[in-house]
Amino acid sequence: MFPKKLIVIGLSGVTCGGKSTLTKRLHKELKNSVTINQDDYFLPIDDPRHIKIVELDQLNFEVITSIDMDKMQSDVLKLIESLPNKNNFAETNEKNVLILDGFLLFKCKVISDLCDRKYFLTLNKEECQKRRVERIYDPPDGPGYFEKAVWPEYLKHMDELMKDKDLYKTITFIDGSRNKEEIYQMVFAEIKKLLS
């Protein structure tokens, strides 16, 4: 299929669980890495494919249909096929690392199947809500959005993951409320093993 000069890491999980922080740290430490973030593929606000939460008069950004997954999948495959590419990856004898970051990353089977390691960060409801309130979104969360969309969609996604036994057993679940340094060190050590 693709040359194994590349290790693909999938970082997924609950909103505000620490995915982006972990992605940025790994990218900084792994000089031969590149990242693709699912958040960069949200559909424009006026796209008719969005689903509206009628009672909140707000779009639901917590569902896969709010993201252009065809474009993301295409970009990931193009990037992989372009190896080696001076603009994205190091042209050395070392293996390169592609870090994929997204809260619904594993809902796309093609992307999920590419991942050599899959990590999923979790939080309890209270911690998630506390962190979510501290973040600024565009458009901003309206009143009731966390209760009506964010948390129920996360629980639904977790339920789907647990029911997919083949996928579930390939994912390492990490409590996102753990110390950030501990989480980083654990994931980094596993990636370094893959690279050796």
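- With sequence neighbours left out, Glu126 forms a salt bridge (charged side-chain N to carboxylate O under 4.0 Å, His left out) with no residue at all.
- Residues Leu56 and Ile45 share a single hydrophobic cluster, defined by chaining ILVMFWY side chains whose heavy atoms lie under 4.5 Å apart.
- No donor-acceptor pair closer than 3.5 Å links the side chain of Lys118 to the backbone N or O of Tyr168.
- By the 4.5 Å heavy-atom criterion applied to side chains, Trp151 and Gln129 are not counted as neighbours.
- Checked against side-chain hydrogen bond (donor to acceptor under 3.5 Å, both in side chains), Asp75 has the following partners two or more places apart in sequence or in another chain: Tyr41, Lys71.
- Listed by chain and number, the residues in a salt bridge (charged side-chain N to carboxylate O under 4.0 Å, His left out) with Lys156 amount to none (sequence neighbours excluded).
- Residues that satisfy the salt bridge (charged side-chain N to carboxylate O under 4.0 Å, His left out) test with Glu134, not counting sequence neighbours, are absent from this structure.
- Residues satisfying the side chain to side chain contact (heavy atoms under 4.5 Å, CB included) criterion with Lys52, sequence neighbours excluded, are Asp57, Leu59.
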Return a table of donor-acceptor pairs under 3.5 angstrom between the side chains of residues 135-143 and protein atoms on other chains or two or more places apart.
residue, atom, partner, partner atom, Å
Tyr137, OH, Thr15, OG1, 3.4
Asp141, OD1, Arg132, NH2, 3.0
Asp141, OD2, Arg132, NE, 2.7
Asp141, OD2, Arg132, NH2, 3.3

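- Taking CG of Asn96 as the start and NZ of Lys31 as the end, the distance is 14.5 Å to the nearest 0.5 Å.
- The stretch residues 186-196 participates, sequence neighbours left out, in these salt bridge (Lys or Arg N to Asp or Glu O under 4.0 Å) pairs: Arg117-Glu190.
- Across Pro152 and Glu147, no two heavy atoms sit closer than the pair CG-O, 3.0 Å.
- Looking at Ser12, its side chain never comes within 3.5 Å of a backbone N or O of Phe120 through a donor-acceptor pair.
- Asn37 approaches Met72 most closely through the heavy-atom pair C-CE, 4.5 Å.
- Listed by chain and residue number, Leu11, Thr35, Ile99, Asp101 satisfy the side chain to side chain contact (heavy atoms under 4.5 Å, CB included) test with Thr23 (two or more places apart in sequence, or in another chain).
- A heavy-atom distance below 4.5 Å is not found between the side chains of Leu98 and Ile9.
- Of all heavy-atom pairs spanning Gly10 and Phe106, the tightest one is O-CZ, 3.7 Å.
- Contact detail for Leu123 and Ser177: the closest heavy-atom pair is CD2-N, 3.5 Å.
- Pairs of residues two or more places apart, or lying in two chains, that qualify as ring-ring contact (aromatic ring centres under 6.0 Å, His included) and include a residue from residues 51-79 are Phe42-Phe61, His50-Phe61.
- Rounding to the nearest 0.5 Å places CG of Asp164 at 10.5 Å from NZ of Lys107.
- Applying the ring-ring contact (aromatic ring centres under 6.0 Å, His included) test to pairs two or more places apart or on separate chains, those with a residue in residues 176-196 are Tyr184-Phe188.
- Legend: residues meeting salt bridge (charged side-chain N to carboxylate O under 4.0 Å, His left out) with Lys130, ordered by chain and number and at least two apart, are Glu127.
- The two residues Cys128 and Val14 come nearest to each other via the heavy atoms SG-CG2, 3.7 Å.
- With a 4.5 Å cut-off on side-chain heavy atoms, Tyr145 and Ile53 count as touching.
- Contact of the Tyr154 side chain with the Lys125 side chain is not registered, since no non-hydrogen atoms from C-beta on lie closer than 4.5 Å.
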Discussion item. With side chain to side chain contact (heavy atoms under 4.5 Å, CB included) as the criterion, how do Leu195 and Leu30 come out once you've worked through the C-alpha distance, each side chain's angles and the decisive distance to 0.1 Å?
Written reply: CA-CA 10 Å; Leu195 292 170; Leu30 296 163; 3.9 Å; yes

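- In this structure, NE2 on His27 lies 14.0 Å from CZ on Arg25, to the nearest 0.5 angstrom.
- Between Lys180 and Thr21 there is a side-chain heavy-atom pair separated by less than 4.5 Å.
- Atom-to-atom distance recorded for Leu167:CG and Thr170:OG1 is 4.5 Å, nearest 0.5 angstrom.
- Atom CD1 of Ile174 and atom OG1 of Thr122 lie 8.5 Å apart (nearest 0.5 Å).
- Between Leu121 and Ile183 the shortest side-chain heavy-atom distance falls below 4.5 Å.
- For the pair Glu62 and His157, the minimum side-chain heavy-atom distance is 4.5 Å or more.
- Going from atom CD1 of Ile191 over to atom OG of Ser33 covers 8.5 Å, rounded to the nearest 0.5 Å.
- Leu22 and Met186 fall within a single hydrophobic cluster, where Ile, Leu, Val, Met, Phe, Trp and Tyr are joined by side-chain heavy atoms under 4.5 Å apart, directly or via other members.
- When the side chains of ILVMFWY residues are joined at heavy-atom separations under 4.5 Å, either directly or via intervening members, Met69 and Val63 end up in two distinct hydrophobic clusters.
- Looking at heavy atoms from C-beta onward, Leu100 lies in side-chain contact with Val76 at the 4.5 angstrom threshold.
- Asp113 meets the side-chain hydrogen bond (donor to acceptor under 3.5 Å, both in side chains) test with Lys109; sequence neighbours excluded.
- Nearest heavy atom pair, residue Leu114 against residue Leu77, reads CD1-CD2, 3.9 Å.
- Of the possible polar contacts, one joining the Gln38 side chain to the Leu104 backbone as a donor-acceptor pair under 3.5 Å is found.
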